[in-house]
Number of protein chains: 2
Amino acid sequence: MTLSRSKIRTGLDNSGIVDRDSHEPAYIQICNLLKEEIAKGVYLPGSRLPSESALRDRHKVSPMTVRRSIKMLIDQGVVTTIQGSGTFVKAPDLGGANFSMKEFYSIFQDHEKTKIRLLEAKTLKADRETASRLCIEEGKRIILLKRLVLKEGDPIILHKEFLIYDPARPIIETELEVTTLYGLFERTGQTAVKRGDLWLEAMVLSPEEARLLNTMPLKPAFRIEHLFYDFDETPMSWGQFICRGDQLRFKAVVGVSPA
Amino acid sequence: MTLSRSKIRTGLDNSGIVDRDSHEPAYIQICNLLKEEIAKGVYLPGSRLPSESALRDRHKVSPMTVRRSIKMLIDQGVVTTIQGSGTFVKAPDLGGANFSMKEFYSIFQDHEKTKIRLLEAKTLKADRETASRLCIEEGKRIILLKRLVLKEGDPIILHKEFLIYDPARPIIETELEVTTLYGLFERTGQTAVKRGDLWLEAMVLSPEEARLLNTMPLKPAFRIEHLFYDFDETPMSWGQFICRGDQLRFKAVVGVSPA
DNA sequence: AAGTGGTCTAGACCACTAT
DNA sequence: TAGTGGTCTAGACCACTTT
């Protein structure tokens, strides 16, 4: 085991690896050190990490500090703990993978390349499906927004959203930042939104959708449906993103992330 | 603010809400209480939670305990902290959503309904693309596995996997649990797998794929590509799941989870 | 019985923000 | 300057597993 990247403590002993002069907290240093060792194969999947008391002695830190390091590794899916037995290195598995919407979101954050065009904004009477989703009576007045997301001039995402029409709800003003979609991604300040459900589906573009997205019908696409709830658990917004499959894919990493 | 669901402490005062007789740890009780209050609208999105010292006094616990509660809420995406300023309730946003492979995995766990059929298992010479992915020379011998996943008799997922052919690698035996796919999902014991990358894409079924999946060509599907690495950072397995779009969708929740 | 992780205490000092 | 969160200590007791 090499001690590269880690300063040796001031001459007292050579087992204290944590650099107390660093601005990086001790628990992060210990976490990263363990992760490096796991990545190097010092501790193989399935094998036991040194006990917390051993790590405590090695790094000359308090129990809580070493526990925070372990907690970080647990959160990152790198190890699991078994009470009374030890801390064990997990082998990377498909089941632990997570596909984050952050990459999708990053498309919208690039204000240089990405522009949003409002296609339609009107009120209409809710049809059967929309009424059902928003938990209102069929025929009740709602707001429809249709937007097109362009990346370097090319349309890549189509967004359709239905909003409860109720002047008393201040959220609508936020949602109506029609050229940014800001409200859906980065809600700041006081909002009335409590909870949201999202569904990710595979779909095939209809002729109409393909036309708007400047591509061919029958091409693959993602459908991201979203439903946001009020604090009284009533739906306030229902919509979907339709994303050209050739312009988006989700990535996930399992195991120790690449050095 | 009501105190329902929470026992009052033994007569000393009515502000200590944590039940010390419960088997549920204090930090989880405090976390859940705060989450309930957020769900009720006591603390609205954008507003500040009581300070840690206030919570410490209210619940008669030590600083570390109340910090663990806050840490839980941070991990769950419910609040954010700003040093020197306070802890603030986050409004649920699309960017914080995560689609987990656990649901996908659960298909395989149902051993009653789900069966796996081996379609093909052979060695062959790597073509250009496969060689490139596995970082080997074109024409080198590799193992191909093709499997079909059936749910209540219906084929819903097609799996194709290429493995490095190297008798010295013990992992192959694990991967070759051909009728369970166990190795990909729940690696136990010592394995040589260090890290995996996954990609999720939308696709349209080819006639051949549709035939195997007992559905029509041009139907939507998910493609989940996976690439696993050895401890010396060389790829050891590359493959993909092709999942009928009508049989799978990913779900995510943002904000306080439903009570 | 010994060792392991899980929870918790009652403080300390620091970095940062608000006023 | 006062209040906030961030880190850390040096123990304690408990639940659980292993031997």
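Quick note on labels: first sequence line is chain A, next is B, and so on, each numbered from 1.
The shortest distance between the side-chain N/O atoms of B:Thr87 and the OP1/OP2 oxygens of D:dG5 is below 4.0 Å. Between C:dT7 and B:Tyr27, a contact under 4.0 Å exists linking OP1 or OP2 to a side-chain N or O. Contact annotation: A:Ser62 side-chain N/O to D:dT9 OP1/OP2 distance is under 4.0 Å. OP1 or OP2 of D:dT4 has at least one side-chain nitrogen or oxygen of B:Ser53 nearer than 4.0 Å.
For B:Arg48 and C:dA18, the CZ to P distance is 11 Å, given to the nearest whole Å. Taking atom CZ of residue A:Arg68 and atom P of nucleotide D:dT9, one finds them 11 Å apart after rounding to whole Å. Following rounding to the nearest Å, B:Lys71 (NZ) and D:dT7 (P) show an atom-to-atom distance of 10 Å. With rounding to whole Å, B:Glu24 atom CD is found 20 Å from D:dC14 atom P. What separates CE of B:Met64 from C1' of C:dT9 is a distance of 11 Å, to the nearest Å. Between A:Asp21 atom CG and C:dC14 atom P the separation is 14 Å, expressed in whole Å. Look at CD on A:Gln83: it is 10 Å from P on C:dG5, rounded to the nearest Å. The nearest whole Å value for the distance from the CZ atom in B:Phe88 to the C1' atom in D:dT4 is 9 Å.
For the pair B:Pro63 and A:His23, both in contact range of DNA chain C, the more 5′-proximal nearest nucleotide belongs to B:Pro63. Taking for each of B:Gly84 and A:Thr65 the nucleotide of DNA chain D with the nearest heavy atom, the 5'-most of the two is the partner of B:Gly84.
Distances from the side chain of A:Val61 to the nucleotides C:dC8, C:dA10, D:dT9 place D:dT9 closest. Side chain of A:Thr81, nearest nucleotide from C:dG5, D:dG5, C:dA18: C:dG5. For B:Ser51, whose side chain is taken as the heavy atoms from C-beta onward, the closest listed nucleotide among D:dG5, D:dT17, C:dG5 is D:dG5.
Note that OG of B:Ser106 is 6.5 Å distant from CD of B:Gln109, once rounded to the nearest 0.5 Å. The structure places CZ of A:Arg249 at 10.0 Å from CZ of A:Phe222, a figure rounded to the nearest 0.5 Å.
Nucleic acid contact for B:Ile70: none, since no nucleic acid atom lies under 4.0 Å from a heavy atom of the residue.
Between the side chains of A:Glu225 and A:Trp238, at least one donor N or O lies within less than 3.5 Å of an accepting N or O.
Side-chain contact between A:Val254 and A:Asn98 is absent, with no heavy-atom pair separated by less than 4.5 Å.
Using bins of under 30°, 30° to 60° and over 60° for the plane-to-plane angle, the ring pair A:Phe108/A:Phe241 lands in the perpendicular bin.
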